[in-house]
Trainee: 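The structure's right below; bear with me while I get my questions together.
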Amino acid sequence: MGVVGMTVTSVVGRHFFGAPIPGDYEITELACGIAVFAFFPHCHLTGGHVVVDFFTSRLHERGRAALDALHGIVFTLVAGLVTWRLFVGAMHKLEGAETTLFLAIPMHWAYFAALVAAGLLTLACLLVACRHARAFRG
């Protein structure tokens with residue numbers, strides 16, 4: 001909501017007063033990137049991801065649980081890979097002291113915020129994979 005309020009204020013300021021909020025694009029870009037990562041763990045834990053079950057809808061409950069467990073393991077590995085690469089990227093941004101163009105916001109702040117959320121996603125994926133594995137075992 002803060003990003004929306006800032007964007008509206010910037011657009012109104014630009015249109016009526018010729019004075020947008022300086023660096024509004026940078027703030028929006030960083031905040032939206034962090035927000036996307038922040039909601040991944042919750043979405044996965046609550047089953048909010050889009051699932052296309054065209055082929056699996058006819059499987060028995062145990063078959064679906066097996067596929068869901070396999071998917072959970074693969075998603076855990078992918079989330080772990082994303083977490084690791086975010087850490088590597090964050091370290092590069094920190095070492096290079098890279099900042100945004102207009103406001104000079106350190107880029108590593110956003111990377112580390114996304115890193116925390118990606119780590120939580122990895123844990124959420126592992127938890128969900130274990131849930132499905134238990135359902136498969138009966």
Side-chain angles (χ1 to χ4, degrees):
M1 293 303 295
V3 171
V4 170
M6 182 206 56
T7 301
V8 168
T9 303
S10 185
V11 169
V12 168
R14 178 179 327 220
H15 182 72
F16 290 110
F17 307 109
I21 295 175
D24 60 342
Y25 181 81
E26 294 173 352
I27 295 169
T28 301
E29 182 179 35
L30 294 174
C32 287
I34 293 168
V36 166
F37 272 98
F39 282 99
F40 276 157
H42 172 73
C43 184
H44 191 61
L45 284 172
T46 59
H49 292 296
V50 174
V51 177
V52 179
D53 60 355
F54 182 75
F55 296 107
T56 61
S57 62
R58 295 182 187 167
L59 288 176
H60 292 293
E61 189 69 30
R62 191 157 187 235
R64 277 196 304 269
L67 281 176
D68 288 341
L70 178 64
H71 166 261
I73 292 166
V74 171
F75 197 14
T76 301
L77 294 173
V78 169
L81 177 67
V82 168
T83 302
W84 168 56
R85 295 310 301 169
L86 273 170
F87 175 74
V88 171
M91 294 308 293
H92 282 253
K93 299 294 182 188
L94 179 62
E95 291 166 2
E98 188 174 333
T99 63
T100 59
L101 183 62
F102 297 111
L103 297 179
I105 300 169
M107 293 294 290
H108 69 272
W109 290 358
Y111 273 77
F112 281 117
L115 173 65
V116 170
L120 290 173
L121 174 62
T122 304
L123 292 175
C125 289
L126 185 60
L127 177 68
V128 170
C130 289
R131 264 193 234 155
H132 290 302
R134 278 194 296 271
F136 171 69
R137 283 185 274 158

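Since this is a predicted model, take the numbers as computed values, not measurements. The figures that follow rest on heavy atoms only: side chains count, while hydrogens, waters and symmetry mates do not.
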Trainee: According to salt bridge (charged side-chain N to carboxylate O under 4.0 Å, His left out), does anything in residues 20-44 pair up with another residue at least two apart or in another chain? List the pairs.
Mentor: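 Residue pairs with at least one partner in residues 20-44: Arg14-Asp24.
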Trainee: Write down the atom of Ala129, the atom of Gly72, and the distance for their closest heavy-atom approach.
Mentor: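 Shortest heavy-atom contact: CB-C, 3.6 Å.
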Trainee: Given the rule that I, L, V, M, F, W and Y join up when any side-chain heavy atoms are under 4.5 Å apart, are Val82 and Val88 in one cluster?
Mentor: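 No, it is not one cluster - the side chains of Val82 and Val88 are not joined through contacts under 4.5 Å.
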Trainee: Determine which pairs satisfy side chain to side chain donor-acceptor pair (under 3.5 Å) with at least one residue from residues 66-87, sequence neighbours left out, and list them in order.
Mentor: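 For residues 66-87: Thr83-Thr122.
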Trainee: Residues sharing Val128's hydrophobic cluster, by side-chain heavy-atom contacts under 4.5 Å among ILVMFWY, directly or via others?
Mentor: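 Once heavy-atom contacts under 4.5 Å are chained together, Val128 belongs with Leu45, Leu127.
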Trainee: Would a single hydrophobic cluster contain both Leu126 and Leu70, if residues Ile, Leu, Val, Met, Phe, Trp and Tyr are joined by side-chain heavy-atom contacts under 4.5 Å?
Mentor: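 Result: no, two separate clusters.
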Trainee: Other than Leu67, which residues form its hydrophobic cluster under the rule that side-chain heavy atoms must be closer than 4.5 Å?
Mentor: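 Leu67 shares its hydrophobic cluster with Leu59.
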Trainee: Can you list every pair that meets ring-ring contact (aromatic ring centres under 6.0 Å, His included) and has a residue in residues 41-70, with sequence neighbours left out?
Mentor: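 Every ring-ring contact (aromatic ring centres under 6.0 Å, His included) pair that includes a residue of residues 41-70, provided the two are not neighbours, is His44-His49, His44-Phe75, His49-Phe75.
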Trainee: For Thr28, give me all partners under side-chain contact (heavy atoms from CB on, under 4.5 Å), at least two apart in sequence or on another chain.
Mentor: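 side-chain contact (heavy atoms from CB on, under 4.5 Å) list for Thr28, sorted by chain: Val3, Met6, Thr7, Cys32.
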Trainee: Kindly write out the residues that satisfy salt bridge (Lys or Arg N to Asp or Glu O under 4.0 Å) with Glu98, not counting sequence neighbours, or none if the list is empty.
Mentor: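 Counting only residues at least two positions away or on another chain, Glu98 forms a salt bridge (Lys or Arg N to Asp or Glu O under 4.0 Å) with Lys93.
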Trainee: Just grab all the ring-ring contact (aromatic ring centres under 6.0 Å, His included) pairs involving residues 104-138, residues at least two apart or on different chains.
Mentor: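 Listed once each, the pairs would be none.
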Trainee: Specify the closest pair of heavy atoms between Pro20 and Ser10, including all atoms of both residues, with the distance to one decimal.
Mentor: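 Smallest interatomic distance, heavy atoms only, reads CB-OG, 3.5 Å.
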Trainee: Met107 and side chain to side chain contact (heavy atoms under 4.5 Å, CB included): which partner among Leu94, Thr99, Leu30?
Mentor: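 Result for side chain to side chain contact (heavy atoms under 4.5 Å, CB included) with Met107: Leu30.
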Trainee: Quick one: salt bridge (charged side-chain N to carboxylate O under 4.0 Å, His left out) pairs with a partner in residues 124-138, sequence neighbours left out?
Mentor: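 Output for this query is empty, none listed.
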Trainee: Please identify each residue that fulfils side-chain contact (heavy atoms from CB on, under 4.5 Å) with Ile34, with sequence neighbours left out.
Mentor: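 With neighbours one apart ignored, the set is Ala110, Ala113.
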Trainee: With clusters defined by side-chain heavy atoms of hydrophobic residues (ILVMFWY) lying less than 4.5 Å apart, directly or transitively, does Phe87 cluster with Leu81?
Mentor: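 No, separate clusters.
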Trainee: For Pro41 and Leu121, work out which heavy atoms get closest and say how close.
Mentor: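 Minimum heavy-atom separation between Pro41 and Leu121: CG-N, 3.6 Å.
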Trainee: Which residue pairs pass the ring-ring contact (aromatic ring centres under 6.0 Å, His included) test when at least one of the two sits in residues 9-41, sequence neighbours left out?
Mentor: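 Those involving residues 9-41 are Phe37-Phe40.
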Trainee: Listing request: all salt bridge (charged side-chain N to carboxylate O under 4.0 Å, His left out) pairs with a residue in residues 41-62, at least two apart in sequence or in separate chains.
Mentor: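 Residue pairs passing salt bridge (charged side-chain N to carboxylate O under 4.0 Å, His left out), neighbours aside: Glu61-Arg64.
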